[in-house]
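Written below as structure tokens is the structure these notes are about.
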Amino acid sequence: MKYSLYFAPTSKDVPSEAEIISHKLMIRSGMIKQSSAGIYSWLPLGFNVLKKIEHIVRKEQEKAGAVELLMPTMQSADLWIKSGRYDDYGKEMLRIQDRSSRQMLYGPTNEELITEIFRSYINSYKDLPKNLFHIQWKFRDELRPRFGVMRGREFLMKDNYSFDLTFEEAKKSYNNMYRCYLKTFLKLGLTPIVLRAESGAIGGNLSHEFQILAKTGESTLYYDKELENIDPSKANIEKLQDYYAAVDDQHNPSECPINEKQLKISKGIEVGHIFYFGTKYSEKLSALVQTSDGKNVPVEMGSYGIGVSRLVGAIIEAFHDSKGIIWPDQVAPFYVSILNLNTKDLKCNQESEKMYSNLCNINIETLYDDRDIAAGSKFSDHDLIGIPYKIIIGPRDIKEGRVEIENRKTGKKNKLSIEEALNYIIKKSKDSQKL
RNA sequence: CGGGGAGUAGCGCAGCCUGGUAGCGCAUCUGGUUUGGGACCAGAGGGUCGAAGGUUCAAAUCCUUUCUCCCCGACCA
């Protein structure tokens, strides 16, 4: 993408409403624009990252055996009245009437709908287990939306629902998702810490929340430092759940089962939550399956959520410096920038164009800064946007056939020949795809 | 929902107390000089002062109502 054609309205100034760093950086880098309290437009850069995160979440769901579908944002109140949550959910639920005065609502979650879908098609234990997910916008009319996209009223969530015949099977599904979540957050470059949780409005008795480490996080976590070095593809999930982890109000130093050396204290942000809730909805909505001995029993369910739009903010909270965002390679909106430092220099233009088309030809996402502005502004913009690598093409070095590559994270610069630079980026890009 | 704060140019703010020509910085536009870490000179455009009502010869400024946004708390992906 040529910067001159792109739409990334960066700025030095931040509107005074932004308080936390991710919110400020998202506004400054032109990722989002607030539309009203807790509701945002996603500008190209923000949308790009959102899709990348969504993609990684989706792939991990699929690997774990979940199947994607898409349920509507608008739901009829009927099912919610049946489940009893139409009254329970309170003012957080946005209620609307359609033209014929039917009660509608903008879905804050989808247990009722998915149960109804399941009920309509599945009647036999032979069709179990099933695990269905979708990635859809939700609306919760929060008492107080804040922190930009981290706590919006409208937000993008991946939610999935497991259906099993027995508790034992349901627990397997639950642990399967537990593993899947660890993998997902690691894939995003984050460090997940899992806590036992209250199950809240969703209901149920087996529940964990997934936090990711970020020095500016909201909650303070106390946990066994071993949890930072988990390999979820090998670990035994039941055993993992025995490790100590607590948020500050659960943590009691005198009762803490691990010694001081093992205990680590860090800040975290909640990005996922999983619940087992058994037959709570299947009973109320008559989602029954027939067992091998001919009985009809309510299906055992669990639900699992990842805040996809929240993750955009959370990742920035985890990875930034005084200059701006530092995207992990997997979610960066572009993999590499070309900074043409002088667009009036023939050689700079030629070599920049050539580099750009070479990178495009091998499908490396490139932002080519061809704007006629001061070099310093380009450096600042690309640092702010957080693209992992810069290829700096300026008149000074290009005369000698050289360009400079800068690593956004380390700040390290390398002078290389044009060809070396291209190969370097190709190699790095391949390495990062293996992650 | 309780407590606090703010709405004046795209953004950040001053002006309000003590009523009388709406201002500053950044951004934008034009011309020129620049271009290796947010350039410089010269010029220009841009406002129903959140909205409604009231007081007054006169309201950004005083009064009333209202809307919106932000911060702290309780709740949450």
Side-chain angles (χ1 to χ4, degrees), chain A residues 9-20 23-24 27-28 30 33-39 53 57 89-93 107-110 135-160 181 185 197-202 207-212 218-219 249 269-275 303-314 322-324 339-345 348-349 369 371-384 390 392-399 402-404 406 411 413 415:
Chain A
T10 57
S11 73
K12 281 189 275 189
D13 308 317
V14 209
S16 52
E17 66 231 33
E19 190 66 14
I20 63 163
H23 192 190
K24 285 181 181 165
I27 293 172
R28 285 194 50 209
K33 171 170 169 50
Q34 178 163 326
S35 166
S36 52
I39 302 176
I53 295 171
V57 170
Y89 220 96
K91 285 193 171 174
E92 271 199 12
M93 188 153 75
T109 177
N110 289 66
I135 300 174
Q136 176 64 294
W137 292 93
K138 307 286 191 291
F139 193 91
R140 292 181 192 169
D141 201 353
E142 296 280 345
L143 288 175
R144 181 150 100 87
R146 63 183 124 172
F147 305 144
V149 299
M150 299 257 284
R151 180 102 178 264
R153 291 195 291 172
E154 187 181 59
F155 59 99
L156 187 62
M157 179 162 112
K158 185 287 303 169
D159 43 325
N160 65 304
Y181 271 36
F185 297 125
E198 302 299 319
S199 43
I202 306 262
S207 169
H208 287 90
E209 65 179 57
F210 288 71
Q211 301 247 356
I212 57 99
E218 260 194 288
S219 7
D249 56 341
I269 298 167
E270 190 188 353
V271 289
H273 208 142
I274 62 177
F275 305 89
S303 75
Y304 314 87
I306 289 180
V308 176
S309 48
R310 170 178 284 191
L311 272 167
V312 180
S322 58
K323 292 179 185 170
L339 270 59
N340 179 352
L341 293 189
N342 190 339
T343 54
K344 294 203 168 70
D345 183 293
C348 280
N349 287 345
D369 200 333
R371 294 174 299 170
D372 181 21
I373 58 170
S377 308
K378 297 192 181 181
F379 281 102
S380 305
D381 272 344
H382 292 259
D383 283 336
L384 175 63
K390 292 187 198 74
I392 300 156
I393 300 180
R396 195 179 68 197
D397 290 339
I398 203 68
K399 272 185 269 176
R402 289 197 298 183
V403 301
E404 205 164 18
E406 185 185 327
K413 293 183 182 181
K415 282 193 184 173

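Naming convention: chains lettered A, B, ... in sequence-line order (proteins, then strands); numbering from 1 in each chain.
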Roughly, in whole Å, what's the span from [atom1] in [X] to [atom2] in [N]?
X: A/E92; N: B/C76; atom1: CD; atom2: P; answer: 8 Å
X: A/F275; N: B/C76; atom1: CZ; atom2: C1'; answer: 10 Å
X: A/H273; N: B/C75; atom1: NE2; atom2: P; answer: 14 Å
X: A/L156; N: B/C76; atom1: CG; atom2: P; answer: 21 Å
X: A/L143; N: B/C72; atom1: CG; atom2: P; answer: 14 Å
X: A/I27; N: B/A27; atom1: CD1; atom2: C1'; answer: 16 Å
X: A/D249; N: B/C76; atom1: CG; atom2: P; answer: 11 Å
X: A/E154; N: B/A77; atom1: CD; atom2: P; answer: 18 Å

Heavy atoms only, 4.0 Å cut-off, all strands: where does [X] land among base, sugar-phosphate and nothing?
X: A/E270; answer: sugar-phosphate
X: A/R28; answer: base
X: A/G324; answer: nothing
X: A/E406; answer: base

Between [M] and [N] - [atom1] atom distance, rounded Å:
N: B/A22; M: B/A58; atom1: C1'; result: 16 Å
N: B/C16; M: B/C62; atom1: C1'; result: 10 Å
N: B/U64; M: B/G25; atom1: C1'; result: 35 Å
N: B/C26; M: B/A42; atom1: P; result: 12 Å
N: B/U34; M: B/C40; atom1: P; result: 16 Å
N: B/U28; M: B/G46; atom1: C1'; result: 9 Å
N: B/A6; M: B/C17; atom1: P; result: 16 Å
N: B/G50; M: B/A9; atom1: P; result: 8 Å

Write down the partner of [N] under the Watson-Crick or G-U wobble criteria, each distance required to be under 3.5 Å.
N: B/C1; answer: B/G73
N: B/G36; answer: none
N: B/A6; answer: B/U68
N: B/C13; answer: B/G23
N: B/A59; answer: none
N: B/C49; answer: none
N: B/U28; answer: B/A44

Readout for nucleotides 31-36 of chain B: B = base within 4.0 Å of protein heavy atom, S = sugar-phosphate only, - = neither; 5' to 3' it is ---BBB

Walk along nucleotides 4-14 of chain B from 5' to 3' and tag each nucleotide B, S or - by protein heavy-atom contact under 4.0 Å, base first, then sugar-phosphate.
-------BSS-

Can you find an N or O donor on one side and an acceptor on the other, under 3.5 Å apart, linking the side chain of A/R151 with the base of B/C75?
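Side chain to base: pair found, below 3.5 Å.
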
Of the candidate nucleotides [options], which contains the atom at the shortest distance from the side chain of [X]?
X: A/Q34; options: B/C69, B/A77, B/G38; result: B/C69
X: A/D381; options: B/G38, B/C70, B/A77; result: B/G38
X: A/E142; options: B/C1, B/G38, B/C75; result: B/C75

Quick check: do [X] and [Y] have side-chain heavy atoms less than 4.5 Å from each other?
X: A/P108; Y: A/E92; value: no
X: A/D397; Y: A/V403; value: no
X: A/E19; Y: A/F147; value: no
X: A/I306; Y: A/F210; value: no

Rounded to the nearest 0.5 Å, what separation is found between the [atom1] atom of [X] and the [atom2] atom of [Y]?
X: A/I39; Y: A/E154; atom1: CD1; atom2: CD; value: 6.0 Å
X: A/F379; Y: A/K323; atom1: CZ; atom2: NZ; value: 9.5 Å
X: A/K415; Y: A/R402; atom1: NZ; atom2: CZ; value: 5.5 Å
X: A/L339; Y: A/K378; atom1: CG; atom2: NZ; value: 6.5 Å
X: A/N110; Y: A/K138; atom1: CG; atom2: NZ; value: 5.0 Å
X: A/I212; Y: A/I269; atom1: CD1; atom2: CD1; value: 4.5 Å

Hey, which of these two, A/G272 or A/S35, hits RNA chain B nearer its 5' end, going by closest nucleotide?
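Its nucleotide being nearer the 5' end, the pick is A/S35.
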
Closest-nucleotide mapping onto RNA chain B: is A/R144 or A/S380 further toward the 5' terminus? I mean the 5' end.
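Nearest-nucleotide comparison on RNA chain B picks A/S380.
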
Taking 4.0 angstrom as the limit, do A/K91 and A/D141 come out as a salt bridge?
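No, A/K91 and A/D141 are not salt-bridged.
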
Residue-phosphate contact under 4.0 Å: A/R146 side-chain N/O, B/G73 OP1/OP2
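Indeed, a polar side-chain atom of A/R146 lies that close.
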
Taking 4.0 Å as the cut-off, does a side-chain nitrogen or oxygen of A/K91 come that near to OP1 or OP2 on B/C1?
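Affirmative; the distance criterion is met.
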
Between A/R28 and A/V14, which heavy-atom pair has the shortest distance, and what is it?
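In terms of heavy atoms, the two residues are closest at CD-CG2, 3.7 Å.
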
What orientation do A/Y304 and A/Y181 show, parallel under 30°, tilted 30 to 60°, or perpendicular over 60°?
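Because their plane-to-plane angle is over 60°, the rings of A/Y304 and A/Y181 count as perpendicular.
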
